[in-house]
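Only this structure's heavy atoms are used, side chains among them; waters, hydrogens and symmetry mates stay out. Residue numbers begin at 1 in each chain, while the letters A, B, ... track the order of the sequences.
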Number of protein chains: 2
Amino acid sequence: MKATDNTGQNQSAHAIFTRYLHSKKMRKTPERFAILDRVAATDEHFSIEDFYDGIESKGFHVSRATVYNTIQLLVDCGLVRCHRFGNSSSKYEFVEAGTSHHHLICTKCGRIREVKDPDIAKVLKAKRYSTFNTSYFSLYVYGICSRCSRKARTQKANLK
Amino acid sequence: MKATDNTGQNQSAHAIFTRYLHSKKMRKTPERFAILDRVAATDEHFSIEDFYDGIESKGFHVSRATVYNTIQLLVDCGLVRCHRFGNSSSKYEFVEAGTSHHHLICTKCGRIREVKDPDIAKVLKAKRYSTFNTSYFSLYVYGICSRCSRKARTQKANLK
DNA sequence: TTTACTGCAAATATTTTGCAATATC
DNA sequence: GATATTGCAAAATATTTGCAGTAAA
């Protein structure tokens, strides 16, 4: 399981979620916390379907509707981010407090690479947009990945 | 109709698309250019459905499948960008050559605001990622828009 | 005890695909 | 003339919704 400390305040994801649910007068159900636990234990991007299959295989049953609902709550309270790459289904990731990364997306093969980029993160964090209360950023860099570049070079060479 | 000059080379969108189709040995059909023309004449984000209805109402008939295919070609050759905001359908926009903007997305009401931000654009353009051949960026800034902030303040005040 | 939440299944929305007819090259 | 592209409809995929039963507060 990953660490879930939050910006030095040492609040666990559980505590954040509990506080969020409380503030919205929503119920603290076992399904919601089971889903949070499993999300927090997942290092990769996952789709709802991935997640649904995964949690079933661990012997815990929740309906798809509850997965959709709960993941959305986690997005709303900032514990999870949603990405919609290419034309595939929504992908989610647990937010490791205090960290940040961007995504390099290959427009040829669709492969996603994560990059930590403190320089850009710093510039973005310093940015203020008038009358807009920023909470976070998503930066997507589109281009051709090394594998596809290599493939293209090889094909070109073979044509000669 | 908007100007379609490209990075000082004065290539029209038509010329770019023609060149692209030629390079891929694809056919230059009237449907493809009619779709490009209408895309280039549209200032806002549009969904495939919006676009389909719009082009029908102008008396030009193309099938949905052709709209999907052709818009994807335009994305592939860089004349159009695709955004997938929130959980709505894909939104597209014509790329005005040489310009750039980011998107502020309200996590409460879903409203999208475009902002030109030359500073950030400059920083991003200067960025190089090893073994990745960048073609463009998309930056999404999430937060609460002024309207929603105001609404929240008013509600709080009324509770007192 | 009240009613928010859950599971299930059906409905909706969006996008993709197969195939016969057509038009580009 | 060969075959890429089109239109149409059906299929596939992803997500939302309605409702009756269950459980948190």
Side-chain angles (χ1 to χ4, degrees), chain A residues 14 17-39 45-77 80 82-92 110, chain B residues 14 17-39 45-77 80 82-92 110:
Chain A
H14 264 245
F17 196 30
T18 301
R19 211 146 46 86
Y20 177 80
L21 292 172
H22 188 79
S23 76
K24 297 277 178 185
K25 300 196 202 312
M26 298 177 110
R27 292 182 180 170
K28 295 152 204 78
T29 67
E31 287 82 359
R32 287 178 175 164
F33 286 95
I35 289 170
L36 169 56
D37 285 345
R38 187 136 181 82
V39 164
H45 293 154
F46 58 89
S47 66
I48 295 288
E49 203 58 24
D50 294 340
F51 185 87
Y52 178 76
D53 294 346
I55 201 166
E56 288 286 300
S57 77
K58 292 272 170 181
F60 190 90
H61 176 77
V62 271
S63 66
R64 265 190 195 73
T66 298
V67 174
Y68 273 101
N69 285 336
T70 304
I71 300 280
Q72 186 54 55
L73 291 179
L74 294 173
V75 170
D76 292 344
C77 71
V80 165
C82 175
H83 303 284
R84 301 181 70 198
F85 301 119
N87 25 16
S88 60
S89 58
S90 295
K91 297 294 181 295
Y92 299 88
Chain B
H14 264 245
F17 196 29
T18 302
R19 210 146 49 84
Y20 177 80
L21 292 173
H22 188 80
S23 76
K24 297 277 177 183
K25 301 195 201 313
M26 298 177 112
R27 292 181 181 172
K28 293 151 204 81
T29 66
E31 287 82 0
R32 286 177 175 165
F33 287 95
I35 288 170
L36 169 56
D37 284 345
R38 187 136 181 82
V39 164
H45 294 152
F46 59 87
S47 67
I48 296 287
E49 204 58 24
D50 294 341
F51 185 87
Y52 178 76
D53 294 345
I55 201 165
E56 288 286 300
S57 77
K58 292 272 170 183
F60 189 91
H61 177 78
V62 272
S63 67
R64 265 190 194 72
T66 298
V67 174
Y68 273 102
N69 285 335
T70 305
I71 299 279
Q72 187 53 55
L73 291 178
L74 293 173
V75 170
D76 292 344
C77 72
V80 165
C82 175
H83 303 284
R84 302 181 70 198
F85 301 119
N87 26 16
S88 60
S89 58
S90 294
K91 297 293 180 295
Y92 299 88

- [ ] Quickly work out the A/Leu73 CG to D/dT16 C1' distance and round it to whole Å.
- [x] 15 Å

Open item on the list: Taking the side chain as everything from C-beta on, heavy atoms only, tell me whether A/Phe33 gets closer than 4.5 Å to A/Leu21.
Closed with: yes

Task: d(NE2, B/His61; P, C/dT22) in whole Å - done: 14 Å

- [ ] Select one nucleotide: of C/dC8, D/dT6, C/dC5, the one nearest the side-chain heavy atoms of A/Arg32.
- [x] C/dC5

Open item on the list: What is the distance, to the nearest angstrom, from the CZ atom on A/Arg84 to the C1' atom on D/dT13?
Closed with: 13 Å

Task: Contact under 4.0 Å: B/Thr29 side-chain N or O vs D/dT6 OP1/OP2 - done: yes

Task: Rounded distance (Å) that lies between atom C1' of C/dA11 and atom OH of A/Tyr68 - done: 14 Å

Open item on the list: Assuming nearest nucleotide by heavy-atom distance, tell me which of B/Lys25 and B/Ser63 is located more 5' along DNA chain D.
Closed with: B/Lys25

Open item on the list: Can you tell me how far apart CZ (B/Phe85) and CG (B/Asn87) are? Round to the nearest 0.5 Å.
Closed with: 13.0 Å

- [ ] Indicate, with a heavy-atom threshold strictly under 4.0 Å, whether A/Ser47 touches base, sugar-phosphate, or nothing.
- [x] nothing

TODO: Determine the minimum heavy-atom distance between B/Thr70 and B/Phe17, stating which atoms define it.
DONE: CG2-CZ, 4.4 Å

Open item on the list: Base of D/dA4, side chain of B/Arg27 - is there a donor-acceptor contact under 3.5 Å?
Closed with: yes

- [ ] Considering just the side-chain nitrogens and oxygens of B/His22, establish if one lies under 4.0 Å of OP1 or OP2 belonging to C/dT24.
- [x] no

TODO: Report the nucleotide, chosen from C/dT17, C/dT15, C/dC8, that has the shortest atom-to-atom distance to any side-chain atom of B/Ser89.
DONE: C/dT15

TODO: Please determine, for the side chain of A/Ala65, which listed nucleotide (C/dT15, D/dA14, C/dG7) has the closest atom?
DONE: C/dG7

- [ ] With DNA chain D as reference, determine whether A/Met26 or B/Val67 sits nearer its 5' end, using the nearest nucleotide of each.
- [x] B/Val67

- [ ] Would you please confirm or rule out a distance under 4.0 Å between OP1 or OP2 of C/dT15 and any side-chain N or O of B/Arg64?
- [x] no

TODO: Measure from CD on B/Glu49 to P on C/dA13 and round the result to the nearest Å.
DONE: 10 Å

Task: Nearest-nucleotide comparison on DNA chain C, the residue closer to the 5′ end among B/Pro30 and B/Ser90 - done: B/Ser90

Task: Ring geometry between A/His83 and A/His45 (parallel below 30°, tilted from 30 to 60°, perpendicular above 60°) - done: tilted

Task: For the student: nearest non-hydrogen atoms of B/Ile35 and B/Ile71, plus distance - done: CG2-CD1, 4.1 Å

- [ ] Nearest whole angstrom, please: distance from the C1' of D/dA23 to the CZ of A/Phe33.
- [x] 15 Å

- [ ] Taking all non-hydrogen atoms of both residues into account, name the closest pair between B/Leu73 and B/Tyr20 and its distance.
- [x] O-CE2, 4.1 Å

- [ ] Would you tell me if any nitrogen or oxygen in the side chain of A/Asn87 comes within less than 4.0 Å of OP1 or OP2 on C/dT16?
- [x] yes

Task: Rounded interatomic separation in angstrom, taking OH from A/Tyr52 and P from D/dA14 - done: 15 Å

Open item on the list: Is there a side-chain contact between A/Thr66 and the phosphate of C/dC5, meaning an N or O under 4.0 Å from OP1 or OP2?
Closed with: no

Task: For atom CD of A/Glu56 and atom P of C/dT6, their distance in whole Å - done: 15 Å

